[in-house]
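Below is one structure, written out as structure tokens; comments come after it.
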2 protein chains.
Amino acid sequence: MAAKKQLRDPEETKRRIMAAAKVEFAKSGLGGARVDVIAARAKSNKRMMYHYFGNKETLFRLVLEDAYADFREAEKALELDTEEPIAALGKLVSFNWSYFLENPEFITLVNSENLHKAKHIKSSKRMQEMSRNFVGRMQALLDRGAAANLFHKNLDAVQMQISVAAIAYHYLTNRYTGSIVFERDLMSAKALKERLAFNIETVRRIVCTPETLRKLETE
Amino acid sequence: MAAKKQLRDPEETKRRIMAAAKVEFAKSGLGGARVDVIAARAKSNKRMMYHYFGNKETLFRLVLEDAYADFREAEKALELDTEEPIAALGKLVSFNWSYFLENPEFITLVNSENLHKAKHIKSSKRMQEMSRNFVGRMQALLDRGAAANLFHKNLDAVQMQISVAAIAYHYLTNRYTGSIVFERDLMSAKALKERLAFNIETVRRIVCTPETLRKLETE
DNA sequence: ATCATAAATAACTATTTAGTTATATCAAGA
DNA sequence: TCTTGATATAACTAAATAGTTATTTATGAT
């Protein structure tokens, strides 16, 4: 256990700055974020930010990498390979939904990075390492389902991964304009519950063969 | 026909400012956009922008509303109701894909507005008017498909609309981080072609009954 | 205890930025 | 043709902003 009330604690200061930066970058994007706001929120000061991180963009990169790392860690903890394929898939869809819902800053950080054409993580070794085996788990799941004659064969794991994320991410990232365009509150408890159910059913229909779907219907 | 080489042409000046603003807002987001850049790009000057639009945020709102209007106009031109339901659905999926691909500024403008929780269009009368009958076309298509015993009954038109957009929009808006995470160029001609095919097939599987899908397979 | 180093703070600076003021110029109607 | 109002430009300003310099203070090693 680390000492708690040290007057000087570089690790803790760094941690506080990162946490504050995450909030500010998520709220305002990289361009709109203010280093003064980050420093104040961290109950530190600008000079410390520059001392530990060099500049605003490096800080952004580290915050973003951390956000990806957290997401990957959470996903790894799912243990899909012991479960029955259809149930495992539902679990994966639910996980994506809940994660984006509970960690809205992940969405805005990723959006911000894409606005900048991913220049901050483009040559990030850490990002590359994290991405390894990411698609592998989806591929394994699809293979298991196909072997059990439940899923279509030759499903593309990358396309599936993108689609599973898409139907959750898109709904949630565009929740504000969506609520106006569709003239309904997309974030009401009822709407959220319905969307999750819809998404689980959607992914099932994508991967399962017509025969499997028929069986599921008549159960 | 309007005179072309007038030294003073308020309508043309406004148009140039709007066009320049669209480029700048799309490239840098609302927070990152610079009014000086907009003025210079429009070959006008800042004072004109303030004269005609009042401030940066109003200009942003007008640019965004125009972008939505263009999208809705293009969609309206599709004439889905004369076509066979499954073909019409494919046409709608293709339209969404092509539109987002050919008008990337639509995506970044919408993303930017969502970062700001849709505050600029929240009470926009024009947006509300545009949204009318938007879901109606999808509903009509789903009804036709259901009546022909091709589609599931009781499909939610809003969920479908969101999903059809999602599988195109998400792929394209996150093209940069996606290309890193999945270690493949998501924007190569081959990748784009494959994604569109995947999306058409995906939506078919969502709406069609297992029986319809079986028939399509064996054709 | 003392000293060297790292951690922390505050005050500062050079630029950038949204928005304004002051001024000039065109074009249409009297 | 003269006047008036709208169109256009340039120069300006006050506030904000990323990044720095100067200075102080705590802490761990000796």
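Numbers restart at 1 for each chain; the letters A, B, ... are given by sequence-line order, proteins then strands. Just so we're clear, the structure is a prediction, and the values are computed from it rather than from any experiment.
B:A39 comes within 4.0 angstrom of no nucleic acid atom, judged by non-hydrogen atoms across all strands.
To the nearest angstrom, C1' of D:dT9 lies 8 Å from CE of B:M48. For B:K43 and D:dT9, the NZ to P distance is 12 Å, given to the nearest whole Å. What separates CZ of B:F53 from P of C:dA18 is a distance of 16 Å, to the nearest Å. Atom C1' of nucleotide D:dG5 and atom CZ of B:R8 are separated by 10 Å, given to the nearest angstrom. With rounding to whole Å, B:L59 atom CG is found 11 Å from C:dA18 atom P. Atom CD1 of B:I38 and atom C1' of C:dG19 are 13 Å apart (whole Å). As rounded to whole Å, 14 Å separates atom C1' of C:dT17 from atom CD of B:E57. Rounded to whole Å, the distance from CD1 on B:I17 to P on D:dT7 is 12 Å.
The base of D:dT20 does not come close enough to the side chain of A:R47 for any donor and acceptor atom to sit less than 3.5 Å apart. The base of D:dG19 lies close enough to the side chain of A:K46 for a donor and an acceptor atom to sit less than 3.5 Å apart.
Side-chain nitrogen and oxygen atoms of B:H51 include at least one within less than 4.0 Å of the OP1 or OP2 phosphate oxygen of D:dT7. Within the 4.0 Å cut-off from OP1 or OP2 of D:dA8, at least one side-chain nitrogen or oxygen of B:T13 is found. Residue A:N45 has no polar side-chain atom (N or O) positioned under 4.0 Å from OP1 or OP2 of C:dA8. For B:Y52 and D:dA8, the shortest distance from a side-chain N or O to OP1 or OP2 is below 4.0 Å. OP1 or OP2 of D:dT17 has at least one side-chain nitrogen or oxygen of A:R34 nearer than 4.0 Å.
The list of side chain to side chain donor-acceptor pair (under 3.5 Å) pairs with a residue in residues 124-134 of chain A, not counting sequence neighbours, reads A:E65-A:S124, A:E65-A:R126, A:D66-A:R126, A:R132-B:E183.
For the pair B:E24 and B:F60, the minimum side-chain heavy-atom distance is 4.5 Å or more.
Nearer to the 5' terminus of DNA chain D, by closest-nucleotide assignment, is the contact made by A:G32 (compared with the other of A:G54 and A:G32). Of the two residues near DNA chain C, B:N55 and A:R16, the one whose nearest nucleotide lies more 5' is A:R16.
The side chain of B:D36 approaches C:dA18 more closely than any other nucleotide in the set C:dT9, C:dA18, D:dA18.
Closest approach of A:A157 and A:L142 over heavy atoms only: CA-CD1, 3.7 Å.
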Side chain to side chain donor-acceptor pair (under 3.5 Å) between B:Y169 and B:N111, intermediate numbers included: CA-CA 11 Å; B:Y169 190 110; B:N111 285 349; 2.7 Å; yes

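Taking a cutoff of 4.0 Å between a charged side-chain nitrogen and a carboxylate oxygen, A:E57 and A:R61 do not qualify as a salt bridge.
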